[in-house]
**Q** 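Pasting a structure here, questions to come.
Proteins get letters first, then strands, A, B, ... in listed order; numbering begins at 1 in each.
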Number of protein chains: 2
Amino acid sequence: MEKEVQTNTHELDEETLFVVSQTFKALGDPTRIRILNLLCCEEYSVNDIAEALNLGQSTVSHQLRFLKNLRLVKFRREGTTLYYSSDDDHIMNLLHQAIDHAKH
Amino acid sequence: MEKEVQTNTHELDEETLFVVSQTFKALGDPTRIRILNLLCCEEYSVNDIAEALNLGQSTVSHQLRFLKNLRLVKFRREGTTLYYSSDDDHIMNLLHQAIDHAKH
DNA sequence: TGTATATATGAACATATCATCATATATTGG
DNA sequence: CCAATATATGATGATATGTTCATATATACA
């Protein structure tokens with residue numbers, strides 16, 4: 001797998017720019033970072049997320065919808081309970097790189 | 001049924017959370033992405049950035065201040081001209097990972 | 001059925017963000 | 001000093017964002 005080298009004279013196309021900025025926007029909010037970080041290794045129900053992070057149920061639900069739209073999380077139903085988990089290893093990897101970087 | 005509140009073993013400390021979210025916020029705007037992408041391999045003056053990306057001088061200056069505050073860019077003076085360049089290889093690496101990811 | 005539980009949704013509000021405009025500052029050369 | 005050039009700054013306004021509240025939906029089960 002070789003990588004394309006992008007020269008400075010070549011602008012990013014509209015679509016790439018949009019996807020990249022949307023993705024980083026998703027990671028640019030403390031609440032979403034906490035949720036994603038929690039879902040890193042384990043699935044959680046909405047209420048469990050709310051309880052673990054001390055957030056309102058509605059807040060968590062709204063943010064999960066945001067993350068789900070970007071396909072950063074997925075869910076699985078069990079009765080009335082929805083178990084959410086991370087769904088984009090690459091982006092989760094970016095997040096953890098940034099966390100490691102920030103800690104040093 | 002109440003559950004034990006999980007001790008925040010996996011929780012991020014306030015400072016890390018702030019730094020990470022700030023960093024991703026910086027990368028979450030198309031204009032800043034374009035600027036950083038331009039500064040990837042080469043230094044540019046403010047006016048050259050504005051011209052290359054078709055942006056207003058003031059817009060570029062404001063965004064450069066933002067990026068400078070986060071130490072993502074640095075500058076060097078030559079007369080009245082300020083040459084900006086990227087100053088955080090790790091974050092630039094994250095950006096390019098995301099760009100590559102978005103392109104596929 | 002009907003109630004309880006889990007989650008989603010929409011409206012409303014406060015705040016943050018970004019581009020633009022006008023102007024200020026700083027450096028150089030005459 | 002003054003003019004020209006490059007950049008920075010502050011104010012403004014439009015739009016985006018995030019949380020909260022109230023309510024709706026969906027599922028399970030008696």
Side-chain angles (χ1 to χ4, degrees), chain A residues 14 17-39 43-85 87, chain B residues 1-3 5 14 17-39 43-85 87:
Chain A
E14 192 90 15
L17 200 57
F18 179 76
V19 172
V20 173
S21 64
Q22 280 297 110
T23 302
F24 281 128
K25 242 173 229 173
L27 302 176
D29 175 69
T31 300
R32 287 191 292 270
I33 292 175
R34 293 173 71 207
I35 292 175
L36 285 174
N37 185 58
L38 187 70
L39 297 182
E43 63 179 15
Y44 278 80
S45 74
V46 177
N47 276 339
D48 285 349
I49 295 171
E51 194 171 321
L53 302 182
N54 197 34
L55 296 167
Q57 176 268 323
S58 182
T59 296
V60 173
S61 184
H62 278 299
Q63 299 294 14
L64 285 173
R65 178 168 57 173
F66 185 109
L67 295 171
K68 192 181 54 177
N69 286 340
L70 289 178
R71 316 224 176 239
L72 298 185
V73 301
K74 62 181 189 291
F75 66 89
R76 157 181 91 78
R77 177 180 287 277
E78 199 169 289
T80 60
T81 303
L82 303 186
Y83 290 97
Y84 280 84
S85 54
D87 196 30
Chain B
M1 300 307 156
E2 321 182 23
K3 286 181 180 174
V5 174
E14 191 90 14
L17 200 57
F18 180 76
V19 172
V20 172
S21 63
Q22 281 296 111
T23 302
F24 281 128
K25 243 173 228 174
L27 301 176
D29 174 70
T31 299
R32 288 190 290 269
I33 293 176
R34 294 174 71 207
I35 292 174
L36 286 173
N37 185 58
L38 187 69
L39 297 183
E43 64 179 14
Y44 277 81
S45 74
V46 177
N47 275 338
D48 285 348
I49 295 170
E51 194 172 318
L53 302 182
N54 197 33
L55 295 167
Q57 176 268 323
S58 182
T59 296
V60 173
S61 184
H62 277 299
Q63 297 295 13
L64 285 173
R65 178 168 60 174
F66 185 107
L67 295 171
K68 191 181 54 179
N69 286 339
L70 288 178
R71 315 220 178 242
L72 298 185
V73 302
K74 62 180 188 293
F75 66 90
R76 156 182 91 78
R77 177 181 287 278
E78 199 171 289
T80 59
T81 304
L82 303 186
Y83 290 98
Y84 280 84
S85 55
D87 196 31

**Q** C/dT17 P sits how many Å from B/Ile33 CD1, rounded?
**A** 16 Å
**Q** Any base atoms under 4.0 Å from B/Gly79, or only sugar-phosphate, or nothing? Heavy atoms, all strands.
**A** sugar-phosphate
**Q** Between B/Arg32 and C/dC18, is there a side-chain N or O to OP1/OP2 distance below 4.0 Å?
**A** yes
**Q** Could you check whether any side-chain heavy atom of B/Tyr84 comes within less than 4.5 Å of a side-chain heavy atom of B/Glu43, counting everything from C-beta outward?
**A** no
**Q** Between B/Lys25 and B/Leu70, is there a side-chain heavy-atom distance shorter than 4.5 Å?
**A** no
**Q** Rounding to an integer number of Å, can you tell me how far B/Phe66 CZ sits from C/dA16 P?
**A** 13 Å
**Q** Please report, rounded to the nearest Å, how far the C1' atom of C/dT27 is from the CZ atom of B/Arg76.
**A** 15 Å
**Q** Does any non-hydrogen side-chain atom of B/Arg32 lie less than 4.5 Å from one of B/Leu27?
**A** no
**Q** Expressed in angstrom and rounded to an integer, what is the separation of A/Arg77 atom CZ from C/dT5 atom C1'?
**A** 12 Å
**Q** Let me know the distance between CD of A/Glu43 and P of C/dA6, rounded to the nearest Å.
**A** 16 Å
**Q** Taking the side chain as C-beta and beyond, is there a heavy-atom pair between A/Ile49 and A/Leu39 under 4.5 Å?
**A** yes
**Q** For residues A/Arg34 and A/Leu38, determine if any side-chain heavy atom of one lies less than 4.5 Å from a side-chain heavy atom of the other.
**A** no
**Q** Taking OP1 and OP2 of C/dA19, is either one under 4.0 Å from a side-chain nitrogen or oxygen of B/Gln63?
**A** yes
**Q** Are the side chains of B/Asp87 and B/Leu72 in touch, meaning some heavy atoms are under 4.5 Å apart?
**A** no
**Q** Decide yes or no on side chain to side chain contact (heavy atoms under 4.5 Å, CB included) for A/Leu64 and A/Val46, but give the supporting numbers first.
**A** CA-CA 8 Å; A/Leu64 285 173; A/Val46 177; 3.8 Å; yes
**Q** What is the distance, rounded to the nearest whole Å, between atom CZ of A/Phe18 and atom P of D/dA16?
**A** 11 Å
**Q** Measure CD/B/Glu51 against P/D/dT5 and give the value in whole Å, please.
**A** 15 Å
**Q** From CG of B/Asp29 over to C1' of D/dT17, roughly how many Å is that when rounded to an integer?
**A** 14 Å
**Q** Please write out the pairs of protein N or O atoms and N or O atoms of nucleotides 7-11 of chain C separated by less than 3.5 Å, giving the distance to one decimal.
**A**
residue : atom : partner : partner atom : Å
C/dT7   : OP1  : A/Val46 : N            : 3.3
C/dT7   : OP1  : A/Leu82 : N            : 3.1
C/dT7   : OP1  : A/Leu82 : O            : 3.4
C/dT7   : OP2  : A/Asn47 : N            : 2.9
C/dT7   : OP2  : A/Asn47 : ND2          : 3.0
C/dA8   : OP1  : A/Tyr84 : OH           : 2.5
C/dA8   : OP2  : A/Ser61 : OG           : 2.9
C/dA8   : N7   : A/Gln57 : NE2          : 2.8
C/dA8   : N6   : A/Gln57 : OE1          : 3.2
C/dT9   : O4   : A/Ser58 : OG           : 2.6
C/dG10  : O6   : A/His62 : NE2          : 2.8

